[in-house]
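Counting starts at 1 for both ligands and their atoms, following the listed order.
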Amino acid sequence: MGPFTLADVEREARARLPSEVWDFVQGGSGSERTLAANLAQFGRYALRPRTLVDVSACDTGLDLLGSALEVPIGVAPMAYHRLADEAGETATARAAGRAGALLVAGIFASRTLEEIAAAATGPLWLQLYWLRRRDALAALVERAEAAGYRALVLTVDAPRVGRRLRDARNGFAVPPGIRAVNLDPALMAASHRSAPGASGIESHAREQFDPALSWSDLAWLRERSGLPLVLKGILTAEDARLAAEHGVAAVVVSNHGGRQLDGALPSLAALPEVVAALPPEIPVLVDGGVRTGTDVAVALALGARAVLVGRPVLWGLAAGGEAGVDQVLGLLRGELEEAMALLGRPRLRDLDRGALAPWPGVAAGVG
Ligand SMILES: Cc1cc2nc3c(=O)[nH]c(=O)nc-3n(C[C@H](O)[C@H](O)[C@H](O)COP(=O)(O)O)c2cc1C
Ligand SMILES: O=C(O)C(=O)c1ccccc1
């Protein structure tokens, strides 16, 4: 029977994955304070249900950068889905399409951009890191456009990869059979070796990521592609305003699932100031710690247009492959519809600050 919650899927995934892969997926940087705070922040809000509203039809559909979604939910970009399931990103793509959800494929996908696009039936975006090898980046952008990707998501919170102590202690390296197949193997070699005290991921990023990336470099990307540019990893109003000035189409409020700056703001806590700093035509997405449909409702009530979900998708893959991702996305969708019905807010636009109160005795900053 079940799973009935994402926590059920998490338990099953943990039982199935090798412990060093589990640690890579689950872990955060440093003391994992931000990782924990992402989850805890949702508990700072209480919901204010309205009654005697016709909720016989709850509509979770929306338009995001010109693409229709059935749910305000996307799969966050994550490296190496094949760590969790043999089919990897193609399974994720099929499941996301069935759920009417967005898929953000990662630059370190373990299936080719073209394989992912062929499996996808819904909108697809591609996440990029700013690699020193700008030629490799330019080639990816060209391939993404040709394959039908609809936006580029530049991750801006990782000039280097944060120190993840679980991976360092485990000497984690990406297993040889699993590769970031969209990049030249020569660029990826360090990911497959662990140096003393550093994971392969950390060594690879030190070698290949260009930490000199700054606002003026965004023009390079925008010149190479007509695709909308999304910045992932914004946590402040200052950066939100700069993003708007630089012609960005959307932003993702994120601390990278607590994997980058330990001690950074929980993403839900940063969301209101980012929303307030941007005009309504620039949608704000948020990720980090979304585990239930009511979490989705809270994020939307604080001004997010949609949420991205990271680890739970890998749990789904590990627990049941493509069907496991169906379960994860299906549970979130069902829980969101239930929350909307019981809140008396049958349309996404009804989810506003009026839906929230601070949890009694806790300063939530509903504003
Ligand atoms: C195993 C794993 C790999 C990730 N790889 C990437 C990546 O390659 N690029 C990126 O921008 N974010 C990456 N992320 C961060 C996610 O996109 C997302 O910000 C985060 O997982 C959201 O938090 P959640 O896992 O609590 O939902 C990764 C996260 C995990 C757990
Ligand atoms: O972005 C990440 O969190 C991550 O785990 C990763 C994976 C491969 C290369 C760089 C970062």
To which of [options] does the heavy atom nearest [atom] belong?
| atom | options | result |
| --- | --- | --- |
| atom 22 (C) of ligand 1 | Val161, Val313, Val307, Asp287 | Asp287 |
| atom 12 (N) of ligand 1 | Met78, Lys232, Arg311, His81 | Lys232 |
| atom 14 (N) of ligand 1 | Gly74, Ala158, Pro77, Ala76 | Pro77 |
| atom 10 (C) of ligand 2 | Phe24, Phe172, Phe108, Tyr80 | Phe108 |

Ligand 1 versus [X], non-hydrogen atoms closer than 4.0 Å: side chain, backbone, both, neither?
| X | result |
| --- | --- |
| Gln26 | neither |
| Arg291 | side chain |
| Tyr129 | side chain |

Exercise for review: Look at Glu32 together with Arg166 and state whether they make a salt bridge at an N to O cut-off of under 4.0 Å.
Suggested key: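 A salt bridge is present here (some side-chain N lies under 4.0 Å from a carboxylate O).
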**Study point:** Test: Asp350 and Arg345 ion pair at under 4.0 Å
**Key:**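 No.
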Counting only heavy atoms, which portion of [X] has something under 4.0 Å from ligand 2: side chain, backbone, both, or neither?
| X | result |
| --- | --- |
| His256 | side chain |
| Arg164 | side chain |
| Val161 | side chain |
| Phe209 | side chain |

Review point. Has ligand 2 got any nitrogen or oxygen that is less than 3.5 angstrom from a nitrogen or oxygen of Arg259?
Key: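 The answer is yes, given that Arg259 and ligand 2 share an N or O pair closer than 3.5 Å.
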Review point. Polar-atom distance check: Tyr129 versus ligand 2, any N or O pair below 3.5 Å?
Key: yes
**Study point:** Under 4.0 Å to a heavy atom of Ala79 - the qualifying atoms of ligand 2, by number
**Key:** 7 (C), 8 (C)
Show which atoms of ligand 1 fall inside a sub-4.0 Å distance from at least one heavy-atom site of [X].
| X | answer |
| --- | --- |
| Leu314 | 1 (C) |
| Gln127 | 7 (C), 8 (O), 9 (N), 10 (C), 11 (O) |
| Thr155 | 10 (C), 11 (O) |
| Val25 | 1 (C), 31 (C) |
| Ser254 | 19 (O) |
| Phe24 | 1 (C) |

Check your understanding: Is any N or O atom of Gly310, backbone or side chain, closer than 3.5 Å to an N or O atom of ligand 1?
Key -> yes
Exercise for review: Looking only at distances, please establish whether an N/O atom of ligand 1 is found under 3.5 Å from an N/O atom of Arg259.
Suggested key: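 The answer is no, given that Arg259 and ligand 1 share no N or O pair closer than 3.5 Å.
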Review point. Checking Arg259 side chain against Gly162 main chain: does a donor-acceptor pair fall under 3.5 Å?
Key: no
Check your understanding: Any chance the rings of Tyr80 and Phe24 have centres within less than 6.0 Å?
Key ->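 Ring centroids of Tyr80 and Phe24 are no less than 6.0 Å from each other.
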Review point. For the residue pair His204 and Phe209, does the interplanar ring angle fall in the parallel (under 30°), tilted (30 to 60°) or perpendicular (over 60°) class?
Key: perpendicular
